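A short worksheet on the structure shown next.
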Amino acid sequence: MNSLPWHRCLALLNLKTLATTHFQQIHAQFITNSHNSPTLYAKLIQLYCSKPSPLSIKISHLLFSRFQPPNLFLFNTLIRCTQPQHSLLLFANWVSKTLLLFDDFTYVFVLGSCARFCSLSTLWFGRQIHVRVVKHGFMFNVLVPTTLIHFYASNKDVISGRRVFDEMTVRSCVTWNAMLTGYCSKSKKAKDFAFDALVLFREMLVGINGVKPNDTTMICVLSACSQLGVLETGACVHGYIEKTIYLPENDVFIGTGLVDMYSKCGCLDNALLIFRLMREKNVLTWTALATGLAIHGKGNEAMMLLDSMRACGVKPNAVTFTSLFSACCHSGLIEEGLHLFHNMKTKFGVEPCIQHYGCMVDLLGRAGPLKRSI
Ligand SMILES: *[C@@H]1O[C@H](CO)[C@@H](O)[C@H](O)[C@H]1NC(C)=O
């Protein structure tokens, strides 16, 4: 490679199909030509982080430490792009030195890492950051408290998330979605929180600050309706989606949410209707319908679904099989269920896991032959 000017390097770094050896070559160009624009380095850090390995992590840290005094933009890039556990360590290392004055973006990124890396210590760590953020006055950027809510919700502390939410004076659609998603994530107390989600959604609709729900909001609200089994509310939400957002048949995620909601609220006909109207269906859509058929004791229809799925070129996953086995259980299709169990690996390439063995035990237990082995 001849000597490259920095704008050519940047253009190269923006290519989508670079391998590690390529960015090492470009990196070498930086060094031989003594390019030292932080923009270029940030791009390079981002690339190294996108292919995580012990070496690339080390290099990305070296790239950051090349700048003296340390550059905040590069620090933020590293915090944002590196794997969450490294990002938390890096932050912890630098927080005690006073060489870098963090800005609101640093906090958004480090809280984002806390949200992605859930463990008991993360909750503690994130709480410390929460205190710092308040103390240093970074709540002015709406993204900071919003990411805090997201962090608390991911770490299953919805109550603390709600406290942050209530203290905010300005909220964006993303803020509402973070809170709603927190309420809708499956947890032990899912039912209590699903109700809170619906109440919050109502507040969002009557809100005076003009925040409009978007697709993420609606998927969340549909999931709350299906957890609670409230058909009337679910149907209202359906109407709202049709009126305000778009035709649900055109959006695979909203469509799937509707299929799931109608089948769990006991209205299989509507679930089927939506399913037929949907232009694009993914494995989640098919699985939602299979679950619906299982709940309604339509085992044979569920088994036929598998053939149609194949015909449409959609590969079933582990959850699809759980639904199908549960359909067999509810309809007493012992032989069919066993047959499918034996074929799931060879014919469909899905390895049976503990849930599937559980289904088989249930299936055989219901039929009587307790001593039969799979
Ligand atoms: C809806 O909001 C979420 C954030 O809560 C965002 O990720 C998503 O892209 C938004 N959807 C649209 C269509 O803008």
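Computed from a prediction, not measured in an experiment: that's the story for all the values here. All ligand and atom numbering here is 1-based and tracks the order in the structure.
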Open item on the list: Could you check whether F102 and W94 have their ring centres less than 6.0 Å apart?
Closed with: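 Ring centres of F102 and W94 not closer than 6.0 Å.
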
Open item on the list: Between F73 and Y41 (judged by ring centroids, cut-off 6.0 Å), do the two rings come close enough to count as a pair?
Closed with: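 That pair fails the under 6.0 Å test.
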
Could you tell me which atoms of ligand 1, counted from 1 in the order shown, lie closer than 4.0 angstrom to a heavy atom of [X]?
| X | answer |
| --- | --- |
| D215 | 1 (C), 10 (C), 11 (N), 12 (C), 13 (C) |
| N177 | 1 (C), 2 (O), 3 (C), 4 (C), 5 (O) |
| N214 | 1 (C), 2 (O), 3 (C), 8 (C), 10 (C), 11 (N), 12 (C), 14 (O) |

Open item on the list: My understanding is that we take every heavy atom of each candidate and find the minimum distance to atom 3 (C) of ligand 1. Doing that for T146, T175, T216, T181, which one comes out nearest?
Closed with: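 The residue whose heavy atom sits nearest atom 3 (C) of ligand 1 is T216.
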
Open item on the list: Both conditions, 6.0 Å and 45 degrees, for the charged tip of R132 above the ring of Y107: are they met here?
Closed with: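 No.
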
Open item on the list: Heavy-atom pairs closer than 4.0 Å: do any link ligand 1 to the side chain of T217, the backbone, both, or neither?
Closed with: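 Contact part for T217 vs ligand 1: neither.
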
- [ ] List in chain and number order the residues that pass side chain to side chain donor-acceptor pair (under 3.5 Å) with T122, two or more places apart in sequence or in another chain; answer none if no residue qualifies.
- [x]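 Applying side chain to side chain donor-acceptor pair (under 3.5 Å) to T122 gives S119.
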
TODO: In sequence, state the C-alpha distance, the side-chain angles, and the governing distance for W176 and F165, and then conclude on ring-ring contact (aromatic ring centres under 6.0 Å, His included).
DONE: CA-CA 8 Å; W176 288 88; F165 182 87; 5.0 Å; yes

